[in-house]
Enquirer: 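Just passing along the structure, written as structure tokens.
Proteins come first, then strands; the chains are lettered A, B, ... in the order of their sequence lines, and each starts at number 1. Values reported hereafter were calculated over all heavy atoms of this structure, with side chains retained and with hydrogens, waters and symmetry mates removed.
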There are 2 protein chains.
Amino acid sequence: MTAVVSPSHEEHKRARGRPPKTEDERDDGNRRHQLLTAAARLFRRQGFDATSTRDIAAAVGMHSGSPFYHFKTKDALLCAVMEEGMHAAIARQTKALRGVQADQPLGQIRRLIRAHFETLLGPGNDFVPVMLYEHRSLNPGQRALLAALQADYEAAWTPVLEALHASGHLRAPVKLSRLFILGALNWSVQWFDRKKSASLDELTDAVVALFLKEC
Amino acid sequence: MTAVVSPSHEEHKRARGRPPKTEDERDDGNRRHQLLTAAARLFRRQGFDATSTRDIAAAVGMHSGSPFYHFKTKDALLCAVMEEGMHAAIARQTKALRGVQADQPLGQIRRLIRAHFETLLGPGNDFVPVMLYEHRSLNPGQRALLAALQADYEAAWTPVLEALHASGHLRAPVKLSRLFILGALNWSVQWFDRKKSASLDELTDAVVALFLKEC
DNA sequence: CCTACCGATCGGTAGG
DNA sequence: CCTACCGATCGGTAGG
């Protein structure tokens, strides 16, 4: 319980005589990222509570205690999954908006919607769905962290929706419109089936046709 | 540490031939329903996995093993919560549609939306939100049971949306429209706050303005 | 419905 | 990162 820690405490973490690792396992960053990916997949499939840290360890060929070398607690791992998801989502969104001019809100909203579908439904994109559906398992500090990232993400929608409102393409209040539109998209995680549903482009067309007036 | 325990150990806690029950506890059906209500509330607040059967028992003043007198397993209790929610939702929806004529799809859709908000966000209506967000914890048989009830519920929307499509109030494909509209509504469970958000009537207005064309 | 209990699982840790 | 382990909790049950 004292603050004093043996100085040599963890310094030998690597080196000393480690067995040679395969390419995939060579550096810590890589192992850590494998844990993140496996956790995202399992959390999405089974839920956070129903996934044990042993499941995650086994998925990347570790032993039961080893994930705690990379993440202090199970919910820190969950939080890291969500952060990773939000950073990727924000990057994808920013890139998508780069292709349209700022005075073309119809083109902008289409790209926002399409990028959002990619984030939610693209192959291997489990990180953001986990964030949407396992929010409850975070502690207050983690929740605040993620709320800030989510606010960043959603902030990009507001000026676009305001422009659409001004031009008559959107009739409902902007704030509620954003909540309902994002809700409609987010819910697709529940029913979308890559083998049976429409393509992401077709979903985007349907959403645009559903929400926007022709003028 | 032996298994032998003094026989008089705690038996007198409420003495020999059962103490008189209060009105609320008198019959089994009532106790069972108390369990359902408490479970719905806790499952909604904490999630299914994070709620123990002991939590539920305590919430209605039972001891830890007693819920299993009323429900065979924990997921049977979850399933019963969801069934209760769907039966109430279907009844509410049917009643709502009784007030409009079948040839007035605008009036019908408004009532369907308003009834859905009541089911999701009305005070004490925890049953359907649990169904929406704890689907994963059911076994396959239970899932099929609930899927049938959900199909019943959603079937009422299709002819209304088809009529709106025919009259030009809806431009997107009917099936995708239903999925996106219900998704937009269902997601409100995540952000709606009775103390800060708009009223259910205002939400209904916004949804109608958002999805339907003026013609 | 209560009592007393079991077997299993789980997050997490010390120590190397 | 592995080994060996702990304390706690949990769903569920027998027997009354």
Enquirer: Could you please name the option among C/dG12, D/dC2, D/dG12 that lies closest to any side-chain atom of A/M62?
Expert: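 Of all the options, the side chain of A/M62 is nearest to D/dC2.
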
Enquirer: Roughly how many Å is it from CZ in A/F71 to P in C/dG12, rounded to a whole number?
Expert: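 The distance from CZ of A/F71 to P of C/dG12 comes to 13 Å, rounded to the nearest Å.
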
Enquirer: Is the phosphate of C/dT9 approached by A/S52 (side-chain N or O, under 4.0 Å from OP1 or OP2)?
Expert: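 No, A/S52 has no side-chain N/O under 4.0 Å of OP1/OP2 on C/dT9.
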
Enquirer: Given atom CG of A/D49 and atom C1' of D/dC10, what is their separation to the nearest angstrom?
Expert: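 Those two atoms, CG and C1', are 13 Å apart.
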
Enquirer: Heavy atoms from C-beta onward define the side chain here; which of C/dC2, D/dG12, C/dG12 lies closest to that of B/H63?
Expert: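 The listed nucleotide nearest to B/H63's side chain is C/dC2.
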
Enquirer: Expressed in angstrom and rounded to an integer, what is the separation of B/I56 atom CD1 from D/dG11 atom C1'?
Expert: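 So the two atoms are 11 Å apart, to the nearest Å.
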
Enquirer: Which of these nucleotides, D/dA4, D/dC10, D/dC2, is closest to any side-chain atom of A/S64?
Expert: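 It is D/dA4.
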
Enquirer: Can you measure B/Q46 atom CD to D/dT9 atom P for me and round it to whole angstrom units?
Expert: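 These atoms are roughly 14 Å apart.
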
Enquirer: To the nearest Å, give me how far apart OH (B/Y69) and P (C/dC2) are.
Expert: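 Those two atoms, OH and P, are 11 Å apart.
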
Enquirer: Please compare A/S66 and A/D55 by the position of their nearest nucleotide in DNA chain C and report the one closer to 5'.
Expert: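 Checking each residue's closest nucleotide, the 5'-ward one belongs to A/D55.
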
Enquirer: Whole-Å distance between C/dC10 P and A/L77 CG?
Expert: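 Computing the A/L77:CG to C/dC10:P distance gives 15 Å.
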
Enquirer: Walk me through whether B/T73 and B/D75 qualify under side chain to side chain donor-acceptor pair (under 3.5 Å).
Expert: CA-CA 5 Å; B/T73 59; B/D75 53 292; 3.2 Å; yes

Enquirer: Which nucleotide sits closest to the side chain of B/R31: C/dG12, C/dC1, D/dG11?
Expert: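 When the side chain of B/R31 is considered, C/dC1 is the closest of C/dG12, C/dC1, D/dG11.
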
Enquirer: What I want to find out is whether A/E118 reaches A/R92 closely enough, with some N-O distance under 4.0 Å, to be called a salt bridge.
Expert: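 A salt bridge is absent here (no side-chain N lies under 4.0 Å from a carboxylate O).
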
Enquirer: Ion pair present between A/E134 and B/R136, side-chain N to carboxylate O less than 4.0 angstrom?
Expert: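 Yes, this pair counts.
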
Enquirer: Output the single nucleotide from D/dC2, D/dG11, C/dG11 whose closest atom is nearest the side chain of A/F68.
Expert: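 In terms of side-chain proximity for A/F68, the closest of D/dC2, D/dG11, C/dG11 is C/dG11.
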
Enquirer: Verify the distance criterion only: is there a donor paired with an acceptor across the side chains of B/T204 and B/D201 at less than 3.5 Å?
Expert: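 The answer is no; no qualifying pair exists.
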
Enquirer: From the options D/dG12, C/dC1, C/dC10, select the nucleotide whose nearest atom is closest to the side chain of B/T73.
Expert: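 The closest nucleotide is D/dG12.
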
Enquirer: Suppose we define a pair by two distances each less than 3.5 Å, Watson-Crick or G-U wobble; what does D/dG12 pair with here?
Expert: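 For D/dG12, the partner nucleotide comes out as C/dC5, under the 3.5 Å rule.
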
Enquirer: Taking only the side-chain heavy atoms of A/R54 (C-beta and beyond), determine which of D/dG11, D/dC5, C/dC1 contains the nearest atom.
Expert: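 That would be D/dC5.
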
Enquirer: What are the two closest heavy atoms between A/A40 and A/V81, and how far apart are they?
Expert: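 So the minimum-distance heavy-atom pair works out to CB-CG1, 3.8 Å.
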
